[in-house]
Amino acid sequence: MMMSETQTTDKKEQDSENGGPRDHPSPAAPPQDPEWERAAKPNLSKEERTMGLSKEKLRKMMYDMLLGRRFEEKTAEAYALGKIGGFCHLYIGQEAVAIGGIHALEKSDYVMTAYREHVHALQMGVEPRAAMAELFGRIDGCSKGKGGSMHMFSAENNYLGGHGIVGGQIPLALGVAWKIRYRQEDHVMQVYLGEAAVNQGAFHESLNMAALWQLPLVVIVENNRFGMGTAWERASSLYDISQKASAYAMPAAIADGMDILDMYRVTKEAVDRARSGGGPTLIEARTYRFVGHSMSDPVHGVYRTKEEVEEEKLNDPIRIYANLLADLEILSQDELEEMDTEVKKISEEAAEFAEKSPEPETPELYRDVYAEEDVAGRLYFDGRR
Amino acid sequence: MMMSETQTTDKKEQDSENGGPRDHPSPAAPPQDPEWERAAKPNLSKEERTMGLSKEKLRKMMYDMLLGRRFEEKTAEAYALGKIGGFCHLYIGQEAVAIGGIHALEKSDYVMTAYREHVHALQMGVEPRAAMAELFGRIDGCSKGKGGSMHMFSAENNYLGGHGIVGGQIPLALGVAWKIRYRQEDHVMQVYLGEAAVNQGAFHESLNMAALWQLPLVVIVENNRFGMGTAWERASSLYDISQKASAYAMPAAIADGMDILDMYRVTKEAVDRARSGGGPTLIEARTYRFVGHSMSDPVHGVYRTKEEVEEEKLNDPIRIYANLLADLEILSQDELEEMDTEVKKISEEAAEFAEKSPEPETPELYRDVYAEEDVAGRLYFDGRR
Amino acid sequence: MAVITYREALNQALAEEMERDPDVFLMGEEVGVYNGAYKVSKGLLDKFGDMRVVDTPITELGFSGLGVGAAMVGLRPVIEFMTFNFSFLAVDQVFNAAAKLLSMSGGQFKVPVTFRGPTGAALQLSAQHSQALEAMYVHFPGIKVVVPGTPADAKGLLKAAIRDDDPVCVFEGEMLYNLKGEVPEANDFVIPLGKAEVKREGGDVSIITHGKMIHVALQAAATLEKDGVDAEVVDLRSLRPLDVDAILATVVKTNRVVLLEEGWPYGGITATIAALIQEEAFDHLDAPILRVTQADVPMPYAKGLEKTAKPSAEHVVEKVNRVLYR
Amino acid sequence: MAVITYREALNQALAEEMERDPDVFLMGEEVGVYNGAYKVSKGLLDKFGDMRVVDTPITELGFSGLGVGAAMVGLRPVIEFMTFNFSFLAVDQVFNAAAKLLSMSGGQFKVPVTFRGPTGAALQLSAQHSQALEAMYVHFPGIKVVVPGTPADAKGLLKAAIRDDDPVCVFEGEMLYNLKGEVPEANDFVIPLGKAEVKREGGDVSIITHGKMIHVALQAAATLEKDGVDAEVVDLRSLRPLDVDAILATVVKTNRVVLLEEGWPYGGITATIAALIQEEAFDHLDAPILRVTQADVPMPYAKGLEKTAKPSAEHVVEKVNRVLYR
Ligand SMILES: Cc1ncc(C[n+]2csc(CCOP(=O)(O)OP(=O)(O)O)c2C)c(N)n1
Ligand SMILES: Cc1ncc(C[n+]2csc(CCOP(=O)(O)OP(=O)(O)O)c2C)c(N)n1
Ligand SMILES: [Mg+2]
Ligand SMILES: [Mg+2]
């Protein structure tokens, strides 16, 4: 597959040559095999697909996807009731990407993403009740109600948010990867972004530095084919995001974002490489958003047809995985339903908890603006305090 | 060579396919031949190298390079005498790039570049005296003395400046290319930038849009191997700039920036393609700066050795070309010296003219800030007028 | 006069100017197929085609520079920022290019580009999506800034901005798009830049503001009226050029001033206007000029906190009472 | 105390803080091999190696974000902008990330990053390279801003900035790098943020300013002295936090104020301070507060025009005479 076939330039070797341009070898670009994509997803037997992962882990992946799905359905419900405000971007349909990707990490690794982040936050260890309380804007929220849907954070779980500026999280993630290298830790930084963020300059500036300095950064592009109402092919002159890595002599891979095990397999390889000093990897996860861009955007209509959405829904990552686990007798239909009842209950309780949690009080307005407030001179100029 | 071998994605064809990612073909990336670079510069006989260009044109190219060189030597002299202030970036050693590139254009085409721009300005038709007066900060300067070394402009000659922010001119040039397409003109926009600007997000955002919309933009990267004191290999994870075009499915080429005829040949092909609706091209011109980054930067020392500079000077584009023209009996040694005397005289006179030109008067301070000043309300808040 | 929304007024302004001048085009994220994130450009793609209503990749720096470059060579681009919050990525092209090209070229290159989009806080969009940024733009000479607060002003000022030969930034209000009001239909209806408007006459105190905040000011004035206080509400409409005569006139009339803006106080619009009034009408002031702005903090998500952070009619009333020493 | 240059003072501050705390590193364009475009980081690469003195590609947005991200997880990056003119490309990471992360995360992520570099005009660098941008930075809550005008302040404030747990922007002066002055050697010499300093005592009028302009103010004060006018010169040193007590104290003392800054007037630092003084010391003012700023235009290249555009001692003297009604 691409990742293995794509070779990187060895900086040391390159720098040691002092003869100038004409002596610098051109690194290999991605293979030209028109079959690249099928090649990217090897033809594995059902058993092989599970990569010998423990039954528990395989079941946990199912559980996590179900929880993500039910939690967000509850979120949509609460939003409709006006319990949640502002922008709210659901992840329904894309669960396999973040959950498969994060399952490939160790507890000490870091994750950062954009605003479509509820499931990433949960997967990193944010309690459903803390996530829901954040959506409700309450003091028990994971950001004390100050961040909301787009800005969840959890320092204790190495979950670094939750960012609203398209592409803005990429340079920040680069900095975390830099810190890992700086302190010579063996952690990995995983950053998620939507495919539309690939066009932002921040993406390119960051990939170059990550590759130049061989930082432990795994960049996962969630290609759900639309940036709001703009289809990727209307926004990029080159369809293949993974190929953009060749501009940075960076290994790249494509993962089937609707198949949690393929997502895990591809990400794990990149994570292992990063952890062992092999530098960054660009992963393009091909996925699809079953819901509107945000709560105010209809599921279909202007920029995609009902038929298209219906057809894509046949690839529901949860159904696909459930069938596999059933075939492998790892999770029966009954067990699945049990699981489902459980996560529904958790989402339910999360909403009840959020409902009861108090709103942050007025003094909170001037808290967390500065870490060091106890300074000489005036910090606030609104004449209110 | 690369340009011809690299194929682009046909947007129409791509958009007409409606099946989503898996149906989009991956465009070809640059060839993997390790010999790519020599391949990029075909092995031509002396006669072939002149591409049947008229004797006049071939001599004019020599004349232009000589003028550029002598004009800047005069500039350095005047700078040493304190007649010129601020930042001043000389082009000595790189003349073949802009002069060869601009010779491939029609009078109605546009050019924009960064701050290392004296020769670009002259080549686009700015009078040496107007350029020198600009350097002296005088009213007869091509920007009325308000722009200086980094900001020369000439509307009548389609010379769009002269920009000081690394990479800042690229989106502007994209806009000019957009206007050409918008008005369905058959002009071409040529933008020059240093190799260090390739790392800026602005470069990537612009190339994507240029390729996406197939705009008549020719992007010429002057790879003189250093951004101030930073060697390119210390700033980019991939040495081959031309290959970065593969991230945009854009044709790319490498030109020998010390050989004005190779520069002309490669640029002409890109310009013709752009003019005939073939879209943008990325050209990497491999060149070298014989002088310091700016007047305050020593020629060698910190970031490059005397030996390196001396060795590169053996590739002086003027000497190389002079020898060729002599061998082909297009320009004799005597004629060359005649030419040299003439351009020295012109540079001399330019300095005398600049010396005599008055400084802009105080009222100029508030001119050219707004095009429409005659508005209701206050525009300036300094309480000075 | 027809009664239409602020959104429709902007849409009309765009359509009319595009009809009038083939060099005018609209470019930005989602302006075409999606009809605009806030539907301001509804129907324009169908009417004018995809060379004049252009969906861009998410590359604020790139397409803003494109607009400036296209303006250098004679087009009149209207660049939409989905919201000005995202324009931080683009300000290099606005402040280092658009604002300076005419000057650096000694008058050779005009830059008749218009940048437009919503400014300020909507509802619970939290810190990164709730910023009123006109104060940052107005700081840079070479730029003009307008901030329409009503449908009529939206139409008249956007048309004026598009016709102006300088870079003009039009700050709209997300919360205003649905606001209805009377708007002249005349094709040549244009509101010249630099003209403030007294939105409410009054003799006791002057409330000077702009954009969305005029409605907060009028609300405060209504409350004060019940209390026997007759407040004058001056809508600046244009921040650069600024109608200083109108400002001084109301100060001379009431001798008491409260300044109101949606954004932050340090370096805010109200700071400059306070400095200007005390310098040019010192002897006409019977009390210090007081300012009302948003709380000097990043906007929090929580409903209650956000409400408290925003400038309100109560804040204005309180400051008015203080300048009236009551 | 040793007499060293402003440049050396900054260099010492960096070296001392890097010695003291292994989490402190310097990153930016040309800071390493080239020893800094203005040689501020001279010798640091040799001393600390290339993981702690890092040359970056020319990608202001990228490496600024890197600094913010690294700060989120405990490092204390010092990010150098070769000049703040180039930081327009990076402000999204400063204003949308650094300034807001602590708040958006409900206090979980501190951002102890320092951004530093020269501000303002040097000599004939023309419009894009001559901007004093501290006013733009100070507008955003969540950011702290200091502007040292002497070698001692440069060292003490940079050290304080690096030790501070919030994002601090240090605005230096290109024209100040060679300025010599006495600087305490003590390793723990730190000047707390938010403390202004009276650089010259006087009773007739207060000239309040910061950064490079304190020297213009002192020059004006010297001229005025010959003329029998005793001016007090207050150096703010820190703009956010701002030493309001020191400002009010000098106003109460002299009752006449001239404000001076290098940058543009609309939304300038002086505008906020004028608004603040008239609000909080109205009755202590015997004359309107006057302001001196650079001409409200993009900086032209021509020597004479540039000189005229810059704020000068003559401008200050003229305004002082006006507030003294002479
Ligand atoms: C810099 C910036 N520009 C515009 C926006 C408005 N916006 C929010 S989401 C979005 C689309 C992003 O699409 P993509 O990156 O593919 O992520 P997805 O929503 O598909 O998960 C846009 C344009 C923004 N938040 N930031
Ligand atoms: C955005 C920005 N960052 C930094 C600078 C300072 N600077 C001026 S030239 C330069 C080096 C550019 O190198 P390159 O692009 O290769 O052009 P060259 O000077 O070699 O012609 C730098 C860093 C700038 N002008 N703009
Ligand atoms: Mg997407
Ligand atoms: Mg270079």
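Predicted, not measured: the structure shown is a model, and the values here were computed from it. Each chain gets a letter, A, B and so on, in the order the sequences are listed, and its residues count up from 1.
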Parallel, tilted or perpendicular: ring planes of [X] versus [Y], cut at 30 and 60 degrees:
X       : Y       : result
F87(B)  : H129(D) : perpendicular
F153(B) : H151(B) : parallel
H89(B)  : Y115(B) : tilted
Y366(B) : Y380(B) : perpendicular

Using non-hydrogen atoms and a 4.5 Å limit, figure out which bit of E29(D) sits close to chain B: side chain, backbone, both or neither. neither

Less than 4.5 Å to any heavy atom of chain B: does that hold for the side chain of L290(D), its backbone, both, or neither? neither

Return the option, out of [options], with the maximum number of heavy-atom pairs under 4.5 Å with chain B.
options                         : value
H315(D), K303(D), E306(D)       : H315(D)
V33(D), V297(D), I58(D)         : I58(D)
Y266(D), F86(D), F88(D)         : Y266(D)
D55(D), N35(D), T56(D), L123(D) : D55(D)
P300(D), A295(D), A302(D)       : A295(D)

If contact means a heavy atom pair closer than 4.5 Å, which residues of residues 42-51 of chain D contact chain B? none

How far apart are the closest heavy atoms of R289(B) and G292(B), and which atoms are they? NH1-C, 3.2 Å

If you compare all heavy atoms of A217(D) against all heavy atoms of T209(D), which two are closest, and at what distance to 0.1 Å? CB-CG2, 3.9 Å

Do the side chains of R225(B) and E312(B) get close enough for a salt bridge, i.e. N-O under 4.0 angstrom? yes

Part of [X] within contact of chain D (heavy atom distance under 4.5 Å):
X       : result
M150(B) : side chain
D297(B) : both
I139(B) : neither
F136(B) : backbone

Any sub-3.5 Å donor-acceptor pair from R7(D)'s side-chain atoms to Y38(D)'s backbone N or O? yes

Assess the residue pair H139(D) and F95(D) against the criterion (ring-ring contact (aromatic ring centres under 6.0 Å, His included)); give the C-alpha distance rounded to whole Å, side-chain angles, the decisive distance to 0.1 Å, and a yes or no. CA-CA 10 Å; H139(D) 183 56; F95(D) 300 152; 8.6 Å; no

L193(B) and Q200(B): CA distance, side-chain angles, deciding distance, side chain to side chain contact (heavy atoms under 4.5 Å, CB included) verdict: CA-CA 11 Å; L193(B) 52 131; Q200(B) 285 282 36; over 6 Å; no

Between Y137(D) and F115(D), does the ring centroid distance fall short of 6.0 Å? no

Among the listed options V166(B), I84(B), I165(B), V369(B), the residue most often paired with chain D at heavy-atom distances under 4.5 Å: I165(B)

Here's one to test your reading of the geometry: is the NZ or CZ of K39(D) within 45 degrees of the ring axis of Y34(D) and under 6.0 Å from its centre? yes

